[in-house]
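Letters A, B, ... are given to chains in the order of the sequence lines, protein chains preceding strands, and every chain is numbered from 1. Bear in mind the structure is a predicted one, so any value in this text is a computation, not a measurement.
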Amino acid sequence: MKAHQLIKIYKKLYHLYGPQGWWPLTSYEGTNPTKTGFVRGYHPGNYDLPENRQQIYEIMLGAVLTQNTAWTSAEQALINLKKLNALYPEKLLKLADEDLKGAIRCAGFLNQKAVYLKELTQFFISLEGRTPERKELLAVKGVGNETADSILLYAFKEPEFVVDAYTKRIFSHLDIVDGGTGYMEVKKLFESSLPRNTALYQEYHALVVEHAKHYYNKKPYGVEDPLKKILKG
DNA sequence: AGCCAGGCTACCG
DNA sequence: CGGTAGCATGGC
């Protein structure tokens, strides 16, 4: 049964890597130097973050900035914005487009991401503090399935499982899902197999990313992946 | 040098 | 509809 396998894998990953402390925030000064790609802002074991409007907003920006981009690059963009005092929705909207692009160019796709960030910011302001529906988020230009789920799970603490390219890569390699399985189908598999719990979903996705960086970021994928052993039993 | 990064949109058949 | 080119820069 797949449900049992997914739980077994979670326990193994947690044992291997420990709590990951996602989503990283530039305002958080803790460290977790064992993580690959570590820069700053992770808060392992603390599930209370984000704890204010500014932090929620920063996570939303980061979710767009990290699209198809290394987190270290996305984080540098956030730091650049912070230097401009622009990690606040009203301030970011006042930035000239050229200044915004200059701040985020290190995260790539600067032209489209500049547009996406401003649209997402207007959407955030329009919420007036409430939690958005998934459907509403998807209607914002630049927000697709993974970005919407990342925002709901990490910024708004909603139990929405996040699927990313690593998730598909790992679990298809382990023959738990088919290679061509669509986003929603994979998401539903995880959500129907696991307890509906925000902290668990947060850790699971973060652990998948960490595990992928160890065993699935270069071809051939999955060489000596320790998950293979525990699945045979 | 070339591939990969915590994807999404627009357009193609 | 499902599939894919294009988007930009940085790290290794």
Fill in the blank from the handout: Rounded to whole Å, the CG-P distance (A/L65 to C/dT9) equals 14 Å
Problem - Pairing of A/R130 and A/E136 as salt bridge, 4.0 angstrom limit - result: yes
Exercise for the section: Could you tell me whether the side chain of A/K2 and the main chain of A/I176 form a donor-acceptor pair under 3.5 Å? Expected result: yes
Exercise for the section: Step through the shown structure and confirm whether more than 12 heavy atoms of other residues, nucleotides or ligands are within 6.0 Å of OH on A/Y88. Expected result: no
Problem - Contacts of type salt bridge (charged side-chain N to carboxylate O under 4.0 Å, His left out), residue A/E191, not counting sequence neighbours - result: A/K187, A/K188
Exercise for the section: Indicate yes or no for a side-chain donor-acceptor contact from A/T167 to the backbone of A/D164 under 3.5 Å, with no hydrogens or angles considered. Expected result: yes
Using a cut-off of under 3.5 Å, enumerate the N/O to N/O pairs linking the protein to nucleotides 11-13 of chain B.
none

Practice task
Starting from P on B/dG7, measure out to CG on A/D149 and report it in whole angstrom.
Solution key: 13 Å
Practice task
Please say whether the positively charged group of A/K113, taken as NZ for Lys or CZ for Arg, lies over the ring of A/Y116, i.e. under 6.0 angstrom from the six-membered ring centre and within 45 degrees of the axis.
Solution key: no
Problem - Distance-only side-chain donor-acceptor flag, A/N145 / A/R134, under 3.5 Å - result: yes
Problem - For B/dA1, the Watson-Crick or wobble counterpart (both distances under 3.5 Å) - result: none
Problem - Below 4.0 Å: OP1/OP2 of B/dC4 and any side-chain N or O of A/K219 - result: yes
Practice task
Kindly check if the number of other-residue, nucleotide or ligand heavy atoms within 6.0 Å of NZ (A/K141) is above 12?
Solution key: no
Practice task
Examine B/dC8: is either OP1 or OP2 under 4.0 Å from a nitrogen or oxygen in the side chain of A/T147? Give yes or no.
Solution key: yes
Practice task
Could you tell me whether a side-chain N or O of A/Y204 sits under 3.5 Å from a main-chain N or O of A/L6, the two making a donor and an acceptor?
Solution key: yes
Problem - salt bridge (charged side-chain N to carboxylate O under 4.0 Å, His left out) against A/E90, all qualifying residues, sequence neighbours excluded - result: A/R53
Problem - Spacing between A/N68 atom CG and C/dG10 atom C1', to the nearest angstrom - result: 12 Å
Practice task
Round to the nearest Å and state the distance from A/L137 atom CG to B/dC8 atom P.
Solution key: 11 Å
Handout entry: Strand-adjacent residues in residues 154-168 of chain A, judged by heavy atoms under 4.0 Å from DNA chain C
Key = none
Handout entry: Atom-pair distance (CE on A/M184; P on C/dG2), nearest Å
Key = 13 Å
Exercise for the section: Measure from the side-chain N and O atoms of A/E158 to the backbone N and O of A/A155, and report whether any donor-acceptor pair falls under 3.5 Å. Expected result: no
Handout entry: Spacing of the P atoms in C/dC7 and B/dA1 (rounded, Å)
Key = 23 Å
Exercise for the section: Nearest whole angstrom, please: distance from the P of C/dC7 to the NZ of A/K141. Expected result: 16 Å
Exercise for the section: Using the closest heavy atom to pick a nucleotide of DNA chain B for each, name whichever of A/K218 or A/V143 lands nearer the 5' end. Expected result: A/K218
Exercise for the section: Could you tell me the separation between the OH atom of A/Y183 and the P atom of B/dG7, rounded to a whole number of Å? Expected result: 10 Å
Practice task
Taking only heavy atoms on the protein side, list every residue of residues 100-121 of chain A lying under 4.0 Å from any atom of DNA chain C, sorted numerically.
Solution key: A/R105, A/C106, A/G108, A/F109, A/L110, A/N111, A/Q112
Exercise for the section: Sticking with atom P, work out how far C/dG10 lies from B/dC8, rounded to a whole angstrom. Expected result: 22 Å
Completion exercise
Sorted by chain and number, sequence neighbours left out, salt bridge (charged side-chain N to carboxylate O under 4.0 Å, His left out) with A/D97 holds for A/K118
